[in-house]
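Notes to accompany the following structure.
The basis for the numbers below is simple: all heavy atoms, side chains too, and nothing from hydrogens, waters or symmetry mates.
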Amino acid sequence: MGSESNAAENQVHLLHINPADNVAIAVLPLEAGYQATFDGSRVTVREDVNLGAKIALVDIGFGQKVIKFGEPIGSASTDIEAGEYVHTHNLQSDYIPTASH
């Protein structure tokens, strides 16, 4: 039982692809409040997310670049807290027009 518990604690929950990235990818569905691990660090997931979702690893201020694969994929359209789901509701493309809400 103890080894199963240790295995669960040591499981990687987020894939942090490049050291410059300020987001990581969920490698399994995660529930709000879960302490997700990546690269020996942890971040508290702020809302339920599905496999493949982008999660902020650090606070990202309005207008700051969101970095994935070591490259900017857009800019934060609002302040994003560490652990928050990052998608079109808080990320604006710098390359293609984004529909307004």
- In terms of side-chain heavy atoms, does Thr44 have a donor or acceptor partner in Gln35 at a distance below 3.5 Å? yes
- Message: Before you tell me yes or no, could you show the steps for Ile55 and Val49 under side chain to side chain contact (heavy atoms under 4.5 Å, CB included), namely the whole-Å CA-CA distance, both residues' side-chain angles and the distance that decides it to 0.1 Å?
- Response: CA-CA 9 Å; Ile55 303 292; Val49 296; 3.7 Å; yes
- Partners of Gln64 by side-chain contact (heavy atoms from CB on, under 4.5 Å), sequence neighbours excluded? Ile60
- With distance as the sole test, does Asn90 use its side chain to make a donor-acceptor pair with the main-chain N or O of Tyr85 at under 3.5 Å? yes
- Any side-chain heavy-atom pair of Asn22 and Leu57 under 4.5 Å: no
- Please step through side chain to side chain contact (heavy atoms under 4.5 Å, CB included) for the pair Val43 and Leu14, ending with a clear verdict. CA-CA 9 Å; Val43 65; Leu14 299 173; 3.6 Å; yes
- Message: What verdict does the side chain to side chain contact (heavy atoms under 4.5 Å, CB included) test give for Ile67 and Val23, after you've listed the backbone C-alpha separation in whole Å, the side-chain angles of each residue and the deciding distance to 0.1 Å?
- Response: CA-CA 6 Å; Ile67 309 294; Val23 295; over 6 Å; no
- Task: May I have the step-by-step check of side chain to side chain contact (heavy atoms under 4.5 Å, CB included) for Glu31 and Val45, ending in yes or no?
- Result: CA-CA 7 Å; Glu31 294 182 2; Val45 177; over 6 Å; no
- For Gly70 and Ala20, which heavy atoms make the closest approach, and how far apart are they? CA-CB, 4.4 Å
- Task: Answer whether the closest heavy-atom distance between the side chains of Leu30 and Asp48 falls below 4.5 Å.
- Result: no
- Query: Hey, what's the ring geometry for His87 with His89, parallel, tilted or perpendicular (30° and 60° as the breaks)?
  - Reply: tilted
- Write out all pairs satisfying ring pair (Phe, Tyr, Trp, His ring centres under 6.0 Å) with one or both partners inside residues 36-67, taking only residues at least two apart or from two chains. His16-Phe38
- Task: Looking only at non-hydrogen atoms, find the nearest pair between Gly61 and Ala76 and report the distance.
- Result: O-CB, 3.4 Å
- Those residues that, when tested against Ser41, pass side chain to side chain donor-acceptor pair (under 3.5 Å) (two or more places apart): none
- Message: Filter on salt bridge (Lys or Arg N to Asp or Glu O under 4.0 Å), then keep only pairs touching residues 49-74, sequence neighbours left out; what's left?
- Response: Lys65-Asp94
- Message: Side chains of Pro29 and Tyr34, heavy atoms from C-beta outward: is any pair under 4.5 Å?
- Response: no
- For Ile17, enumerate each residue passing the side-chain contact (heavy atoms from CB on, under 4.5 Å) test, keeping only those at least two apart in sequence or located in another chain. Leu15, Asp21, Ile25, Phe69
- salt bridge (Lys or Arg N to Asp or Glu O under 4.0 Å) pairs, two or more places apart, involving residues 81-90: Arg46-Glu81
